[in-house]
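Chain A is the first sequence line, chain B the second, and so forth, proteins listed ahead of strands; every chain is numbered from 1. It should be emphasised that the depicted structure is a prediction, and the values quoted were computed from it without experimental measurement.
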Protein chains: 2
Amino acid sequence: MQLVNAEIIVIGDELLYGQIMDTNSHWISQELDLMGVKVVRKTTVGDNRTDILAAFEAAEKRAHLILITGGLGPTQDDLTKPLLAEYFGCEIIEFPEAVAAVTEFFRKRGREMTQLNILQGHLPSCCTYVPNEVGTAPGMWFEREGTYWMSMPGVPHEMKKLMKDFVLPKLSGIFNLPVIYHKVVKTVGIGESWLADLIKDWENSLPDHIRLAYLPSLGHVKLRLTAFGTDKNELYQQVESQISKVIPLIDKYIYGYDDESLESAIGKLLKNAGKTLALAESCSGGYVSHLVTTVPGSSDYFQGSVVPYHNQFKENILGVKSETLASFGAVSEQTAMEMAEGVRRIFGSDFGLASTGIAGPDGGSEEKPVGTVWIACAGEGFLETRKLQLTQDRMLNIQLTGVSVLNLLRICFNQNNK
Amino acid sequence: MQLVNAEIIVIGDELLYGQIMDTNSHWISQELDLMGVKVVRKTTVGDNRTDILAAFEAAEKRAHLILITGGLGPTQDDLTKPLLAEYFGCEIIEFPEAVAAVTEFFRKRGREMTQLNILQGHLPSCCTYVPNEVGTAPGMWFEREGTYWMSMPGVPHEMKKLMKDFVLPKLSGIFNLPVIYHKVVKTVGIGESWLADLIKDWENSLPDHIRLAYLPSLGHVKLRLTAFGTDKNELYQQVESQISKVIPLIDKYIYGYDDESLESAIGKLLKNAGKTLALAESCSGGYVSHLVTTVPGSSDYFQGSVVPYHNQFKENILGVKSETLASFGAVSEQTAMEMAEGVRRIFGSDFGLASTGIAGPDGGSEEKPVGTVWIACAGEGFLETRKLQLTQDRMLNIQLTGVSVLNLLRICFNQNNK
């Protein structure tokens, strides 16, 4: 087993001046951590020859693996490629395969190609060309005296695809990596400190070679177990055995494991049961529909949705009674219930979900301040509601409503389909 | 005028291992940029003596201002304070004022204090103590041979308060700051290299003190102009004059400036003209509605939307003719047109937008492969359509469709409301 040190070099003035936030290096850190590669440093430098070359030189002294993002656009301010050529002492030459790929990229999209684009297929002669299927700047792989280098575009989805398709699979062939087994337990509807309190005895009893991390995100908390050892199968069994002990303590908050998202977990529940879903989204404004439809195959159970952003559409399209709106207001339990029932009727679905509320920053009142949201879930023989009192900005209020709506569906499904 | 170079040093294993994302350095960059202080490097190192000291030493050689976040907790793995004392060659001593502040912090919150907390009031004798009113780890300010240092906790709201209350106000007293003026031109519907090709003569004619950067993101390209000088008003005029020269070259792609998003730019167009909007989203599944409703005040112009995920709802709710669906299919120009007209009719809106397509990964055919999307925009006396041939994964296909739908609305609005 080998201790592999990695460094990440992020290139671009826009990152130093705060115009773009670097999310790439965080994602790369997570992926390398999962493989047992240790990131020891991240350096961000601008579009500047001296600084970039100094960063290359310093990193080569310390790291076995150097991952570079950014500075690969076709325009004049992008320096990474010529400086890599200079650093490794080789010429930039035409890679016919790379020129063909960029040409094909434009042909497929029916877009015209400029001379600048063709030059994206010209690379340092000492690199290995790594095709970028989702963009025009190729990846470049270099090796020198036990240090491995990869240069990738700064566009996150292009970088991620190059990492997943090329870099990550390559690492175990190069390095003798430690054996690590991870498993993530995904929970929703409970805060980090409450969760920690429920499982503290179990956490304290974990053996030294199994580490627990709490990874909170909007409305969710992930529990990540990481086991270190020499035998993958053994680690797998040990982790699974620990998980079987923690499940009974937090059963009702768990929606899935590892890469499962809440929306895909719900998709599986519905698909396996042959049930369907429709949505009436007022304050969530289409966000829940978006989440549901990001899941491949969601057309199997998702019927559709209505976003009735004004009262007359809640009446005309969803059939909410005008007396309900007049007596209780649009943001009320009664309206949420009638919206959920209405959308279920229109789409003939098994489940109807609804949200109505005040996302902010305007529209609040003494009685119903910004962040007041009612959500409802209707189905055969049941109608559940929840009131949320959110305190964030508009975007976060919308996102938290989305998580709560999906979680209410999960709860209703489990109560009524067991 | 002085060119002030700043470096940011971020300390913490959790940032290298991907457990926490560093948002601090992005915020600091933005604040310094506004004051004309240039961040020339960001370095993230772990809780490790050698790496932290090396980062201090390297930064001191390059920068006039060094901002350090993290590594200030009360526990043993937090090394920033002892290493700053070591680096500056002074002892850690009790600062009675700092001990009193941390004691008061706990008293106020009715929480018990440990010996470790008391030690948070012990600081390097050579630093200036900077009170942290919202946390327990004080700020520490150092000066040596023209370089100024500030160490702050990694908790974002504590760091921000120390920056706003102490560091930022101090800078103009220390440095004779340059004047910088930025302006960002935001474009949509054209790729980076096409854009560069259209404006290359203008770009080459820019004076040396005005720099141009291309900042591409999904479907968008931002052009950032940065001018350096001594007189803000003069720079403003010079940048505005350059922008007035580039506008005619790329007029039809520009939707806004600086922090404007496409959805908020469209919101302003609609609001100012007193026009309204409704959406029929099949393949975009609610994503465009979500974008539109993230804008505060969108209820002024957004009427609502329908996501008809199956053919019968395109017929029943939107009134698409069954012959249209039978003859041309759901993914066709004809269906997109009838959806746009249908949703405009239902919501009584000025504009009706529609999307229908195959987001993938399944559902493609020889004739209509994954990524085939038709979008339409209907209004009084016009009906525009576009065909997209996308090649990304499901999520990106949805997002690119969303950008294209909003851009089509922008184009139709400009053609029909001038």
Side-chain angles (χ1 to χ4, degrees), chain A residues 13-14 16-23 26 29-30 33 39-46 51 73-75 77 108-112 114 116-117 134 155 157 213 215 285-287 289-290 292-294 296-297 299 302-310 313 317 346-347 360-362 394-395 398, chain B residues 16-19 21-23 26-27 29-30 33 39-46 51 184 191-194 196-197 212-216 224 281 285-290 292-294 296-297 299 302-310 313 317 346-347 360-362 389 391-392 394-396 398:
Chain A
D13 284 343
E14 67 276 18
L16 293 176
Y17 302 165
Q19 297 195 333
I20 288 182
M21 185 156 82
D22 166 38
T23 55
H26 176 68
S29 280
Q30 289 182 318
D33 186 55
V39 175
V40 295
R41 186 180 292 244
K42 298 180 187 181
T43 306
T44 307
V45 289
D51 290 348
T75 51
D77 56 338
K108 247 184 166 170
R109 284 157 183 79
R111 280 160 49 192
E112 225 170 289
T114 68
L116 285 176
N117 294 125
V134 291
V155 182
H157 77 273
L215 308 171
Y287 179 63
S289 307
H290 171 53
V292 167
T293 57
T294 57
S299 56
F302 179 60
Q303 301 296 92
S305 62
V306 172
V307 179
Y309 227 49
H310 294 279
F313 307 120
I317 304 179
I346 292 171
F347 285 94
D362 304 315
R394 181 179 182 84
M395 184 60 128
I398 290 170
Chain B
L16 292 176
Y17 303 165
Q19 294 182 340
M21 186 156 82
D22 165 38
T23 56
H26 176 67
W27 185 88
S29 281
Q30 288 182 319
D33 186 56
V39 175
V40 293
R41 186 180 293 243
K42 298 181 188 180
T43 307
T44 307
V45 289
D51 289 348
V184 177
E192 181 180 1
S193 47
W194 269 46
D197 209 47
L212 176 70
Y214 293 82
L215 309 172
R224 191 189 61 213
E281 300 196 65
Y287 179 63
V288 185
S289 308
H290 170 53
V292 168
T293 57
T294 57
S299 56
F302 180 59
Q303 300 297 92
S305 62
V306 172
V307 179
Y309 227 50
H310 293 281
F313 307 119
I317 304 179
I346 292 171
F347 286 93
D362 304 316
Q389 198 64 64
T391 54
Q392 308 285 350
R394 181 179 181 86
M395 183 60 127
L396 290 171
I398 291 171

- [ ] Heavy-atom distances under 4.5 Å only: say whether A:T114 touches chain B with side chain, backbone, both or neither.
- [x] side chain

TODO: Would you mind checking which part of A:D51 comes under 4.5 Å of any heavy atom in chain B, side chain (CB onward), backbone (N, CA, C, O), both or neither?
DONE: both

Task: N/O donor-acceptor pair under 3.5 Å between B:T293 side chain and A:G285 backbone - done: yes

Task: Selection from A:Q30, A:R109, A:R41, A:E14 maximising heavy-atom pairs under 4.5 Å formed with chain B - done: A:R41

Open item on the list: Is it the case that the side chain of A:S29 and the backbone of B:L16 share a donor-acceptor pair, with hydrogens and angles ignored and the cut-off at 3.5 Å?
Closed with: yes

Task: Segment of A:I346 engaging chain B (4.5 angstrom heavy-atom cut-off) - done: both

- [ ] Output the option from A:G304, A:S299, A:G46 having the highest count of non-hydrogen pairs under 4.5 Å with chain B.
- [x] A:S299

- [ ] Using non-hydrogen atoms and a 4.5 Å limit, figure out which bit of B:P296 sits close to chain A: side chain, backbone, both or neither.
- [x] both

Open item on the list: Using heavy-atom distances under 4.5 Å, tell me whether B:R394 contacts chain A through its side chain, its backbone, both, or neither.
Closed with: side chain

Task: By side-chain hydrogen bond (donor to acceptor under 3.5 Å, both in side chains) - contacts of B:D33 (at least two apart) - done: B:H182

- [ ] Heavy-atom distances under 4.5 Å only: say whether B:D197 touches chain A with side chain, backbone, both or neither.
- [x] side chain

Open item on the list: Less than 4.5 Å to any heavy atom of chain A: does that hold for the side chain of B:L212, its backbone, both, or neither?
Closed with: backbone

TODO: Could you tell me which of B:Q389, B:E281, B:Q19 has the largest number of non-hydrogen atom pairs under 4.5 Å with chain A?
DONE: B:Q19

Task: Top of A:D22, A:I317, A:L116 for chain B proximity - count of heavy-atom pairs under 4.5 angstrom - done: A:I317

TODO: On the 0 to 90° scale, with breaks at 30° and 60°, tag the A:Y287-B:H290 ring pair as parallel, tilted or perpendicular.
DONE: tilted

TODO: Using non-hydrogen atoms and a 4.5 Å limit, figure out which bit of A:H157 sits close to chain B: side chain, backbone, both or neither.
DONE: side chain

Task: Residue pair A:R111 / B:G191: nearest heavy atoms and the distance that separates them - done: NH2-CA, 4.4 Å

Open item on the list: So for B:Q392, is it side chain, backbone, both, or neither that comes closer than 4.5 Å to the heavy atoms of chain A?
Closed with: side chain

Task: Spatial distance of atom NE2 (B:H26) from atom OG1 (A:T44) [nearest 0.5 Å] - done: 12.0 Å

Open item on the list: For B:W194 versus A:E112, what's the shortest heavy-atom pair and its separation?
Closed with: NE1-O, 2.6 Å

Open item on the list: Counting heavy-atom pairs under 4.5 Å with chain B, which one of A:I398, A:V307, A:D13 comes out on top?
Closed with: A:V307

Task: Choice from A:N117, A:D362, A:V155 maximising heavy atom contacts with chain B below 4.5 Å - done: A:N117

Open item on the list: Between A:M395 and chain B, with a heavy-atom cut-off of 4.5 Å, which part of the residue counts as in contact: side chain, backbone, both or neither?
Closed with: side chain

TODO: Go through B:F302, B:Y309, B:W27 and name the one with the most non-hydrogen pairs under 4.5 angstrom from chain A.
DONE: B:Y309

Open item on the list: Tell me the closest heavy-atom pair linking A:M21 and B:M21, and the distance in Å.
Closed with: CE-CE, 3.6 Å

Task: Contact class of B:Y17 relative to chain A, heavy atoms under 4.5 angstrom - done: both

- [ ] Count the heavy-atom pairs under 4.5 Å between each of B:V306, B:T294, B:V292 and chain A, then report the option with the highest count.
- [x] B:T294

